[in-house]
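Below is one structure, written out as structure tokens, with a few remarks after it.
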Amino acid sequence: NDCTIIQIKYPVFKTKKELDDSIQKLMISHFQINDKSSPDVEQSAKNYIDEYNKRAKNPDPGLAPFDYIRLSINVVRQDSGFVAIQEVDNGYLPHVNQKEAMTFTYFSNWDIKKNTRILLKDILIKDYEENLNRIAEPIFRKEEKLNDTVSLALASNYKIGNNKFTPYDN
């Protein structure tokens, strides 16, 4: 295919091995296909391209094309205590049949001093989930123009499992 594009942009943290490894694992997760996994970004990308070439020769109408994937991981804020990272994943999901590309944006925070990822449970009071969800779901429904009786599964631009609203733990 003349318009096939794979574009990856990401920061490298030479002095923060755990953070750098975390970013590498994040990138690798985007190239997992057909149960082929590798701890190496280049090998994972090669496996992905090999699978693309197989599908180009023998298209499966039940699977989406993967004409492009654009993965961008950026530092959106950094100071002496933490790094905030934005991941933007734009492209087709190769394991579902879809006609248009999708964009997903995720954020994660990294505690530089502890060398660990910061999760909601690290900064909110214990057993916060129920109260947070009770506050956040009506705001989400209002933004998405979904009334109280409409299934959350209809919010197709989001990954909502079991029709239950839950903020991402990132």
Side-chain angles (χ1 to χ4, degrees), residues 6-13 16-33 35 37 39 41 44 48 63-170:
I6 296 178
Q7 183 179 45
I8 306 167
K9 182 180 130 188
Y10 62 97
V12 174
F13 292 88
K16 295 291 180 188
K17 182 174 176 9
E18 290 85 356
L19 175 55
D20 201 60
D21 288 349
S22 175
I23 290 171
Q24 296 281 323
K25 287 176 186 172
L26 180 65
M27 288 187 301
I28 289 169
S29 72
H30 290 276
F31 296 106
Q32 299 303 321
I33 191 161
D35 299 325
S37 77
V41 173
S44 293
Y48 188 89
L63 295 172
F66 40 125
D67 291 322
Y68 72 90
I69 180 170
R70 286 190 179 102
L71 176 60
S72 177
I73 301 173
N74 300 297
V75 173
V76 291
R77 182 162 181 195
Q78 181 175 0
D79 66 25
S80 62
F82 85 103
V83 175
I85 296 171
Q86 176 191 44
E87 170 196 350
V88 179
D89 181 2
N90 184 286
Y92 291 98
L93 298 175
H95 57 280
V96 297
N97 191 8
Q98 64 187 82
K99 297 186 180 6
E100 296 179 13
M102 300 176 79
T103 299
F104 295 97
T105 302
Y106 305 95
F107 293 90
S108 59
N109 297 296
W110 190 268
D111 184 319
I112 292 173
K113 293 175 181 166
K114 293 180 182 175
N115 239 348
T116 59
R117 188 168 169 218
I118 302 170
L119 303 174
L120 285 176
K121 67 180 182 176
D122 299 328
I123 59 174
L124 297 175
I125 60 173
K126 188 176 177 175
D127 300 323
Y128 67 88
E129 295 95 343
E130 188 176 324
N131 288 329
L132 178 61
N133 292 349
R134 188 173 33 255
I135 294 166
E137 184 174 341
I139 295 168
F140 174 80
R141 286 181 174 277
K142 181 180 177 187
E143 292 289 320
E144 293 302 308
K145 298 174 180 56
L146 297 171
N147 68 37
D148 293 345
T149 60
V150 172
S151 168
L152 287 172
L154 295 177
S156 61
N157 291 332
Y158 301 90
K159 294 179 183 176
I160 297 179
N162 299 329
N163 196 35
K164 183 178 178 189
F165 180 83
T166 305
Y168 289 121
D169 190 15
N170 64 0

Qualifying residues under salt bridge (Lys or Arg N to Asp or Glu O under 4.0 Å), relative to Lys145, sequence neighbours excluded
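Here no residue qualifies.
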May I have the list of side-chain donor-acceptor pairs in residues 78-87 shorter than 3.5 Å, sequence neighbours left out?
unit_1 : atom_1 : unit_2 : atom_2 : d
Asp79  : OD1    : Gly81  : N      : 2.7
Asp79  : OD1    : Phe82  : N      : 3.0
Glu87  : OE2    : His30  : NE2    : 2.4

Value rounded to 0.5 Å, distance of [atom1] in [X] from [atom2] in [Y]:
{"X": "Gln24", "Y": "Ile73", "atom1": "CD", "atom2": "CD1", "answer": "8.5 Å"}
{"X": "Ile8", "Y": "Ser72", "atom1": "CD1", "atom2": "OG", "answer": "10.5 Å"}
{"X": "Ile139", "Y": "Glu144", "atom1": "CD1", "atom2": "CD", "answer": "13.0 Å"}
{"X": "Ile135", "Y": "Tyr128", "atom1": "CD1", "atom2": "OH", "answer": "13.0 Å"}
{"X": "Phe140", "Y": "Leu146", "atom1": "CZ", "atom2": "CG", "answer": "6.5 Å"}

If we count only N and O atoms by modelled type, under 3.5 Å, do the side chains of Asn74 and Lys9 hold a donor and an acceptor together?
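On atom types as modelled, these side chains qualify, holding a pair under 3.5 Å.
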Side chains of Asp20 and Ser22: donor-acceptor distance under 3.5 Å anywhere?
no
Measure the shortest side-chain to side-chain distance between Trp110 and Glu18 over non-hydrogen atoms and say whether it is less than 4.5 angstrom.
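Sidechains of Glu18 and Trp110: in contact.
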Does the side chain of Asp89 reach to within under 4.5 Å of the side chain of Thr103, using non-hydrogen atoms?
no
Restricting to side chain to side chain donor-acceptor pair (under 3.5 Å), what partner residues turn up for [X], sequence neighbours left out?
{"X": "Asp127", "value": "none"}
{"X": "Thr116", "value": "none"}
{"X": "Asn131", "value": "Arg134"}
{"X": "Asp111", "value": "none"}

Is it true that Asp21 and Lys17 have a side-chain N and a carboxylate O under 4.0 angstrom from each other?
yes
CG/Asp148: more than 12 non-hydrogen atoms of other groups inside 6.0 Å
no
Keeping the roles fixed (side chain from Asp122, backbone from Leu119), state whether a donor-acceptor pair exists under 3.5 Å.
yes
